[in-house]
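Note that the structure is a prediction, hence the values are computed from the model and not measured. Remember, it's 1-based here, ligands and their atoms both numbered in the order they're listed.
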Amino acid sequence: MASNSKESAREDLRTDFVTLTNDILSRQQRSKEATGDLTILLSAISSACKWISNVVRKAELMKVIGVTGGTNVQNENVQKLDILSNEIMCNLLRDSGKTAILVSEEDDEAIFVEDSKRGHYCVCFDPLDGSSNIDCGVSIGTIFGIYRVKSEGAKPSIADVLRPGTEMVAAGYCMYGSSTVLVLTFQGSNEVNGYTLDPSIGEFVLTHRNMKLGPKKIYSINEGNAHTFDAAIKGYIDSVKFPPAGHTGKFTPYTARYVGSMVADVHRTILYGGVFLYPGAKLRILYECFPMALIVEAAGGKASTGRKRMLDVVPEKLHARSGIVLGTSAEVEAIEARYKELDAKK
Ligand code: AFP
């Protein structure tokens, strides 16, 4: 009896957790070339995400719910939390001393960090993606992609960020949902790790090691836009809703799930499996499509425009948009095959 209660006390007092801070530090220590700059930058991003998480949780109480009355460069209504989150990201990234260029969904132009604080990294981010879901308490998130400047001696320029996604060094997102989870990957690592914020100690703790796409058959798309879908997307959606009966005669259509926050829809797609589609050019390449594509590929899936690998796209401007399909490789390949067939008929 006494030993049982001792054991359960130990359960509550686990001390063998891996924190995000320790994980990225040990990654740095394993690399011969690492200078520690990326570690410091990721630590600044993690602090910003903790701060944003806190603001999101208290938004209703702090009366920062609702729109500012203005619109951003994308002509979308700006929420008060969008502005706060953007300020938090910009301030912490600039003060980290490790960034040269910041590209935010909220800012028309790129921010070039002043000489005294300039570092070697460029961060493209959406400080609060899915913000139209804020007022009803649905999951939202921060998305980021990181590049290293092309030439360390040269003055940073827009060319440092208008590059294919394959040149990112790391990418991640932080989801503010039933818990706050930061998901991170590094170029070439083939590993995606998820860290859950333990608010009592203020640390992200490794809870999802080496995430790989789940096996479920789920499709995720805003079907209210069906009138705009091309034949490839229409055909694919029909095929998952009305599949031929299997050899047992059982009819098993896919399950539909759609949150309307890319972070939440992609997070579910990774954990459970399936495919997320946003055809038509709405989602932004640099801070929505690229980071999610790097993460999904590292988790064993694929991300495509429908016609080419997402990460091979070269954005023409900061806020360039693209259609995207991502998720389980077989599903993405089935959609690509439909585009190939469609194009062959032209
Ligand atoms: P908001 O930030 O304006 O809510 O947009 C969210 C988003 O960029 C992305 O997170 C969603 O996947 C997508 O747009 C949802 O778009 P629809 O509302 O057209 O479905």
Side-chain angles (χ1 to χ4, degrees), residues 49 52 55-56 59 64-86 88-89 103-108 124-145 171-177 181 183 218-230 233 237 256-272 274-296 301 303-306 310 315 318-327 332:
C49 292
I52 296 170
V55 177
V56 167
V64 282
I65 289 288
V67 293
T68 59
T71 51
N72 64 10
V73 54
Q74 337 269 351
N75 213 18
E76 296 160 342
N77 288 326
V78 175
Q79 306 278 333
K80 292 175 192 161
L81 272 187
D82 282 326
I83 301 291
L84 263 175
S85 309
N86 194 37
I88 292 170
M89 283 294 279
V103 176
S104 167
E105 193 232 8
E106 293 305 326
D107 296 313
D108 207 344
C124 304
F125 57 94
D126 187 342
L128 204 56
D129 190 57
S131 52
S132 54
N133 274 326
I134 293 172
D135 291 10
C136 59
V138 168
S139 301
I140 47 184
T142 301
I143 311 176
F144 57 91
Y173 61 80
C174 186
M175 184 178 75
Y176 313 109
V181 187
V183 171
I218 299 174
Y219 76 100
S220 183
I221 188 168
N222 183 346
E223 281 200 87
N225 294 331
H227 63 287
T228 65
F229 297 166
D230 57 34
I233 297 294
I237 298 297
R257 290 283 184 273
Y258 187 73
V259 177
S261 290
M262 192 186 195
V263 172
D265 283 314
V266 171
H267 192 64
R268 184 204 53 251
T269 303
I270 296 172
L271 290 184
Y272 294 174
V275 63
F276 167 80
L277 310 91
Y278 208 109
K282 172 177 179 183
L283 299 185
R284 281 54 59 105
I285 296 173
L286 280 176
Y287 41 81
E288 290 183 305
C289 300
F290 275 175
M292 293 312 198
L294 194 72
I295 293 166
V296 166
S304 167
T305 64
M310 189 72 236
L318 293 183
H319 301 287
R321 299 165 187 254
S322 170
I324 187 167
V325 293
L326 59 79
V332 175

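Counting protein heavy atoms only, atom 10 (O) of ligand 1 is closest to D129 OD2, 2.5 Å. The shortest contact between atom 15 (C) of ligand 1 and any protein heavy atom is with Y258 OH, 3.3 Å. The closest protein non-hydrogen atom to atom 3 (O) of ligand 1 is S132 OG, 4.1 Å. If you check which protein heavy atom lies closest to atom 8 (O) of ligand 1, you get E288 OE2, 2.9 Å.
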Given the rule in the side-chain hydrogen bond (donor to acceptor under 3.5 Å, both in side chains) test, do N225 and Y278 qualify, once you have shown the distances and angles that lead to the verdict? CA-CA 10 Å; N225 294 331; Y278 208 109; 3.2 Å; yes
Would M175 and V183 count as a side chain to side chain contact (heavy atoms under 4.5 Å, CB included) here? Give the steps. CA-CA 8 Å; M175 184 178 75; V183 171; over 6 Å; no
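Annotation: side chain of F229 is not in contact with side chain of L277 (no heavy-atom distance under 4.5 Å). Within the 4.5 Å cutoff, the side chain of M310 has no heavy atoms near those of the L326 side chain. Contact of the E105 side chain with the L286 side chain is not registered, since no non-hydrogen atoms from C-beta on lie closer than 4.5 Å.
In this structure, L283 has a heavy atom closer than 4.0 Å to ligand 1. Between N133 and ligand 1 there is no heavy-atom distance shorter than 4.0 Å.
Atoms CG and CD1, from D129 and I143 in turn, are 4.0 Å apart once rounded to the nearest 0.5 Å. Between D265 atom CG and M292 atom CE the span is 9.5 Å, to the nearest 0.5 Å. In this structure, OG in S104 is found 7.5 Å from NE2 in H319, a value given to the nearest 0.5 Å.
Which parts of ligand 1 touch R284 is read off a 4.0 Å heavy-atom cut-off, strictly below it: atoms 8 (O). Close contacts between ligand 1 and N222 involve ligand atoms 17 (P), 19 (O), 20 (O) [criterion: under 4.0 Å to a heavy atom]. Listed by number with element, the atoms of ligand 1 under 4.0 Å from a non-hydrogen atom of M262 are 9 (C), 10 (O), 11 (C), 12 (O).
Between E223, K282, M292, it is K282 that holds the heavy atom closest to atom 13 (C) of ligand 1. The residue from Y287, Y278, F276 that puts a heavy atom closest to atom 17 (P) of ligand 1 is Y278. Counting heavy atoms only, G260 comes closest to atom 11 (C) of ligand 1 of the residues G260, G224, S131.
Looking only at atom types and distance, the side chain of T142 has a donor-acceptor partner in the side chain of Y176 under 3.5 Å away.
For the pair N225 and ligand 1, the shortest N or O to N or O distance does not fall below 3.5 Å. For the pair D265 and ligand 1, the shortest N or O to N or O distance does not fall below 3.5 Å. Considering backbone and side-chain atoms together, G130 places an N or O closer than 3.5 Å to an N or O of ligand 1. An N or O contact shorter than 3.5 Å is missing between S261 and ligand 1 by distance. Residue-to-ligand polar distances keep V263 apart from ligand 1: every N/O pair is separated by 3.5 Å or more.
For Y258, the OH atom sits in a packed shell: over 12 heavy atoms of surrounding residues, nucleotides or ligands are nearer than 6.0 Å.
Not a single ring pair (Phe, Tyr, Trp, His ring centres under 6.0 Å) links F276 to another residue, sequence neighbours left out.
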